[in-house]
Novice: 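My structure is below; once you've seen it, I'll send some questions.
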2 protein chains.
Amino acid sequence: MSQEPARNTFTHLPPDKQERVLDAALTEFADQGYHQASLNRLVAKAGIAKGSLYQYFPNKEGIFRHIFQLALNLVRRTLVAVKEATENENLFFRLEKSLQAGVRFLQEHPRIYSLYLKIQFDRQTPLRRELLAAVRRHASEYFGSLIARAKARGELRPGISEPAALFLLDAVFDRFLQAAAVPYLDVTFNLHQAPEEAVNRRIRELIDLLKEGLAA
Amino acid sequence: MSQEPARNTFTHLPPDKQERVLDAALTEFADQGYHQASLNRLVAKAGIAKGSLYQYFPNKEGIFRHIFQLALNLVRRTLVAVKEATENENLFFRLEKSLQAGVRFLQEHPRIYSLYLKIQFDRQTPLRRELLAAVRRHASEYFGSLIARAKARGELRPGISEPAALFLLDAVFDRFLQAAAVPYLDVTFNLHQAPEEAVNRRIRELIDLLKEGLAA
DNA sequence: CTGGGACATGACCAGTTGGTCATATCATTA
DNA sequence: TAATGATATGACCAACTGGTCATGTCCCAG
């Protein structure tokens with residue numbers, strides 16, 4: 001499969017130095033995207049020599065892979081935690097809590113989210129297929145299991161199209177997080193850097209609309 | 001305001017040559033994004049000398065502005081046409097037609113849509129604020145007027161939050177188009193390069209869900 | 001035929017990129 | 001102390017970037 005991108009030299013380094021390098025790398029890739037990212041800037045930020053970087057990683061893509069894996073693991077852990085924490089609640093409450101958790105994640109790890117958005121729409125970025133496949137799988141499992149449980153508990157309108165419901169939830173959630181993270185994206189909610197209370201109000205409005213529908 | 005980015009020299013050119021240059025530029029920017037785009041590749045594609053390019057436009061950003069304006073005007077005209085064509089129909093029929101028109105646009109002008117996505121998530125691209133502001137204004141006007149009319153005709157559930165409805169429509173539409181345009185993005189609908197008939201079925205499922213809601 | 005303005009051209013420039021490598025430093029052995 | 005292997009370093013490389021400009025071609029007016 002894919003060989004380990006980090007060299008032994010890197011894992012033997014004192015943890016704080018590893019931290020500095022990874023931090024600089026995440027910042028650079030998140031700010032600039034893969035191709036725009038400059039290794040010269042990266043090493044300057046990390047306070048190491050250019051040559052050292054190539055003792056730690058085989059090349060630019062190797063650094064990227066490493067960051068990518070760390071980020072993906074963090075997301076995975078977070079998703080599992082939220083799902084378990086609301087296991088026995090009803091669908092709409094779970095959705096509300098999920099969206100809140102999403103916003104929290106994005107505020108705590110803005111660079112990871114920014115990196116994700118960059119990869120999503122830059123066809124040239126390495127690992128793009130892998131990333132999108134992984135995200136798709138997670139989203140599908142997550143919402144799929146919420147919907148299945150809701151159906152079993154009779155919380156869903158009968159005859160509903162499950163793929164459509166999944167698509168709808170995925171779309172609305174993703175857009176909500178984007179609007180909270182990216183300035184100028186949002187049409188009416190003004191979510192970017194809004195106070196928590198305002199965000200939560202919007203979440204409730206939105207869930208309510210999903211629940212009851214638009215039609216009279 | 002903003003000065004014209006194209007020089008007179010360019011407008012005096014034989015139309016087919018203008019066409020070739022603009023086409024090459026759109027392709028390059030759409031494929032690579034602003035910063036990754038290479039003027040060397042661009043001139044090779046257009047079959048002109050590097051020096052000539054600088055007789056037509058002041059610099060890279062000037063070329064980008066020009067392409068950008070052309071694209072924006074095209075979108076504007078399309079939006080107006082759809083809105084007028086369904087003026088007296090009910091909300092959900094109009095939404096269906098709008099989404100169909102969106103998919104059609106994206107199939108006819110994939111490079112323009114790709115460019116739009118690139119700009120949206122690359123914070124470093126020039127004109128990003130302008131682009132996002134323009135898109136936001138258009139979307140808000142478009143959906144806003146649909147919703148206002150639907151409300152007047154009593155097609156909406158009373159007490160509905162208008163900002164939430166607007167956000168919801170904007171989110172779902174945008175995501176639907178993204179899923180149709182970008183491979184691997186879509187969780188369950190398999191919209192990318194799907195046949196028209198399949199797309200239209202999905203559109204109907206989705207609109208129906210928006211109409212009736214999720215809850216039992 | 002001459003002159004002049006519009007347009008075309010590609011060699012050239014300084015700056016930056018990802019990546020290399022000979023050399024230096026350092027801690028740990030013997 | 002000497003030797004050894006791991007790690008650190010930054011000058012250096014070819015390739016490419018956006019942008020310039022001296023020179024050339026072409027057409028048309030006088």
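Every value quoted in this text rests on a predicted model; they were computed, and no experiment measured them. Every chain is numbered from 1, with letters handed out A, B, ... down the list of sequences.
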Novice: Would you indicate, yes or no, if dT17(C) has its OP1 or OP2 atom less than 4.0 angstrom from a side-chain nitrogen or oxygen of Ser38(A)?
Specialist: yes

Novice: What is the separation between atom NE2 on His35(B) and atom P on dC16(D), rounded to the nearest whole Å?
Specialist: 20 Å

Novice: Find the distance Gln32(A):CD to dT17(C):C1' and express it as a whole number of Å.
Specialist: 13 Å

Novice: Run through Ile207(B), Leu206(B), Leu209(B) and flag the one making a side-chain contact (heavy atoms from CB on, under 4.5 Å) with Val172(B).
Specialist: Leu206(B)

Novice: May I ask you to check whether His109(B) and Phe105(B) place their ring centers less than 6.0 Å from one another?
Specialist: yes

Novice: Decide if the gap between the ring center of Phe68(B) and the ring center of Phe29(B) is smaller than 6.0 angstrom.
Specialist: no

Novice: Determine whether the aromatic ring centres of Phe173(A) and Phe143(A) lie less than 6.0 Å apart.
Specialist: yes

Novice: Round to the nearest Å and state the distance from Gln18(B) atom CD to dA8(C) atom P.
Specialist: 11 Å

Novice: Tell me whether the side-chain N/O atoms of Asn40(A) come closer than 4.0 Å to OP1 or OP2 in dT17(C).
Specialist: yes

Novice: Measure the distance from CG on Asn8(B) to C1' on dC7(C) and round it to the nearest whole Å.
Specialist: 13 Å

Novice: Judged by each residue's nearest nucleotide on DNA chain C, which is more toward the 5′ side, Ala49(B) or Gln55(A)?
Specialist: Ala49(B)

Novice: Determine: side-chain N/O of Ser52(B) to OP1/OP2 of dT9(C), distance under 4.0 Å, yes or no.
Specialist: yes

Novice: Phe10(B) near the nucleic acid: base, sugar-phosphate alone, or nothing, with a heavy-atom cut-off under 4.0 Å?
Specialist: nothing

Novice: Please give, in whole Å, the distance from dG19(C) P to Lys60(A) NZ?
Specialist: 8 Å

Novice: Measure the distance from CZ on Arg41(B) to P on dA15(D) and round it to the nearest whole Å.
Specialist: 17 Å

Novice: Given the rule that a pair is Watson-Crick or G-U wobble with both distances under 3.5 Å, how would you write DNA chain C in dot-bracket, using | for pairs to a different strand?
Specialist: ||||||||||||||||||||||||||||||

Novice: Does Lys50(B) or Thr9(B) map to a spot on DNA chain C nearer the 5' end, using the closest nucleotide for each?
Specialist: Thr9(B)

Novice: Can you see if the side chain of Tyr54(A) gets near the phosphate of dT20(C) - specifically, an N or O under 4.0 Å from OP1 or OP2?
Specialist: no

Novice: Hey, do the aromatic rings of Phe176(B) and Phe167(A) have their centres closer than 6.0 Å?
Specialist: yes

Novice: Would you please confirm or rule out a distance under 4.0 Å between OP1 or OP2 of dA8(C) and any side-chain N or O of Tyr56(B)?
Specialist: yes

Novice: Report the distance from atom CG of Leu53(A) to atom P of dT20(C), rounded to the nearest whole Å.
Specialist: 12 Å

Novice: Need one value for Phe57(B): base, sugar-phosphate or nothing, where a base atom within 4.0 Å counts as base even if backbone is also close, heavy atoms only.
Specialist: nothing

Novice: What do the steps show when you test Leu131(A) against Val135(A) for side-chain contact (heavy atoms from CB on, under 4.5 Å), and what is the final call?
Specialist: CA-CA 6 Å; Leu131(A) 190 264; Val135(A) 170; 4.0 Å; yes

Novice: Check whether Tyr34(A) forms a cation-pi arrangement with Lys60(A) (NZ or CZ under 6.0 Å from the six-membered ring centre, at most 45° off the ring normal).
Specialist: yes

Novice: Figure out the CD1/C1' separation between Ile63(B) and dT17(D), and round it to whole Å.
Specialist: 13 Å

Novice: I want to check one thing: is the phosphate of dT7(D), taken as OP1 and OP2, less than 4.0 Å away from some side-chain N or O of His12(A)?
Specialist: yes

Novice: What are the two closest heavy atoms between Ala101(A) and Val82(A), and how far apart are they?
Specialist: CB-CG2, 3.5 Å

